[in-house]
Enquirer: 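Before we start, here is the structure in question, set down as structure tokens.
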Amino acid sequence: MRYDLVIFDNDGVLVDSEPLSNRLLAAYLTELGHPTTYEDSLRDYMGAAMHRVHDLVLERTGQRLPADFDDTFHQRVFAAFRQDLVAVPGAVGVLEKLAADGVAYCVASSGSHERIRVGHRKTGLDRWFGDERIFSSEDVGRGKPAPDLFLYAAERMGVAPGRCVVVEDSPLGVQAAVAAGMDVYGFTAMTPAERLTGVTGLFGDMGELGDLLV
């Protein structure tokens, strides 16, 4: 394999959480008087840290979201995760191949540490990701599209950015990987290929990823 470290995004790449979380986010914003469709949420917030939701609402409306917005939203998301969340088909097979080949891997997500762990416990991915392999936007000052999270993950894993590859499904994540000086493969299961500009390559089925990385 030509990379020393594979960095996975989490939502939409390892766990099939984007439909659940974006429907809930759209509904909650609409409930608060900021009409938002599911498609709006995917376009504006997919792959982003929570501060982007606050920033965009404030920028567009001049209004701040409630102080308990994040806590309430996460309660709803975690309840949905515990009931309905599944792993992305083929994700476990990719992890099995990396482990068998002795290739380092980790996850670097805009989601909180708690969100990552709730999802991994429900889907069984927790057996593949100990604490030393989990990195969150909570760990850095700026979330995606800034490169900080991916650079932090690489540093903690002891691998130079140029020897890393990122697996992403959002435009914001792709921008962050490119800014970090890393190759990035775009997963098109939910995002049209034309929105993932700047990628090293594209794939639509997780089963294709292993062959792209060698």
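No hydrogens, no waters, no symmetry mates; every other heavy atom, side chains included, goes into these values.
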Enquirer: Could you check whether atom CD of Glu132 has more than 12 heavy atoms from other residues, nucleotides or ligands sitting under 6.0 Å from it?
Expert: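 More than 12 within 6.0 Å, yes.
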Enquirer: Looking only at heavy atoms, what is the nearest atom pair of Val103 and Tyr3, with distance?
Expert: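 Looking at all heavy atoms of both residues, the closest pair is CG1-O, 4.1 Å.
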Enquirer: Check this for me: Arg163, atom CZ, are more than 12 non-hydrogen atoms of other residues, nucleotides or ligands nearer than 6.0 Å?
Expert: yes
Enquirer: Between Glu168 and Lys144, does at least one N-O distance fall below 4.0 Å, as a salt bridge requires?
Expert: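 Salt bridge: yes.
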Enquirer: Could you go through Ile116 and Ser136, starting from their C-alpha distance and side-chain angles, then the distance that decides it, and tell me whether this counts as side-chain contact (heavy atoms from CB on, under 4.5 Å)?
Expert: CA-CA 8 Å; Ile116 297 167; Ser136 160; 4.1 Å; yes
Enquirer: Met50 and Asp70: which non-hydrogen atoms are nearest, and at how many Å?
Expert: CE-OD1, 3.5 Å
Enquirer: Dump the intermediate steps for side-chain contact (heavy atoms from CB on, under 4.5 Å) on Val92 and Leu125, then the final yes or no.
Expert: CA-CA 8 Å; Val92 169; Leu125 291 177; 3.8 Å; yes
Enquirer: Give me each pair satisfying side-chain hydrogen bond (donor to acceptor under 3.5 Å, both in side chains) with a member in residues 184-199, each pair once, sequence neighbours excluded.
Expert: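 Output for this query lists Arg2-Tyr185.
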Enquirer: Is it possible for you to say whether Phe187 and Val184 belong to one hydrophobic cluster, with membership spreading through side-chain heavy-atom contacts below 4.5 Å?
Expert: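 Different hydrophobic clusters.
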Enquirer: Salt bridge or not between Arg52 and Asp44? Use side-chain N to carboxylate O under 4.0 Å.
Expert: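 No.
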Enquirer: If only atom types and distance count, is the side chain of Tyr38 paired as donor or acceptor with the main-chain N or O of Leu24 below 3.5 Å?
Expert: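 Such a contact is absent between Tyr38 side chain and Leu24 backbone.
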Enquirer: Indicate the ring-plane relationship of Phe129 and Phe8, choosing parallel, tilted or perpendicular according to the 30° and 60° boundaries.
Expert: perpendicular
Enquirer: Working note: Phe150 + Phe135, criterion ring pair (Phe, Tyr, Trp, His ring centres under 6.0 Å); need CA distance, chi angles, decisive distance, verdict.
Expert: CA-CA 9 Å; Phe150 289 140; Phe135 305 100; over 10 Å; no
Enquirer: Counting distance only, does the side-chain N/O of Ser137 pair as donor-acceptor with the main-chain N or O of Ala49 below 3.5 Å?
Expert: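 No, the answer is negative, given that no donor and acceptor are paired below the 3.5 Å cut-off.
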Enquirer: Go through the structure and list residues passing salt bridge (Lys or Arg N to Asp or Glu O under 4.0 Å) with Arg76, not counting sequence neighbours.
Expert: Glu31
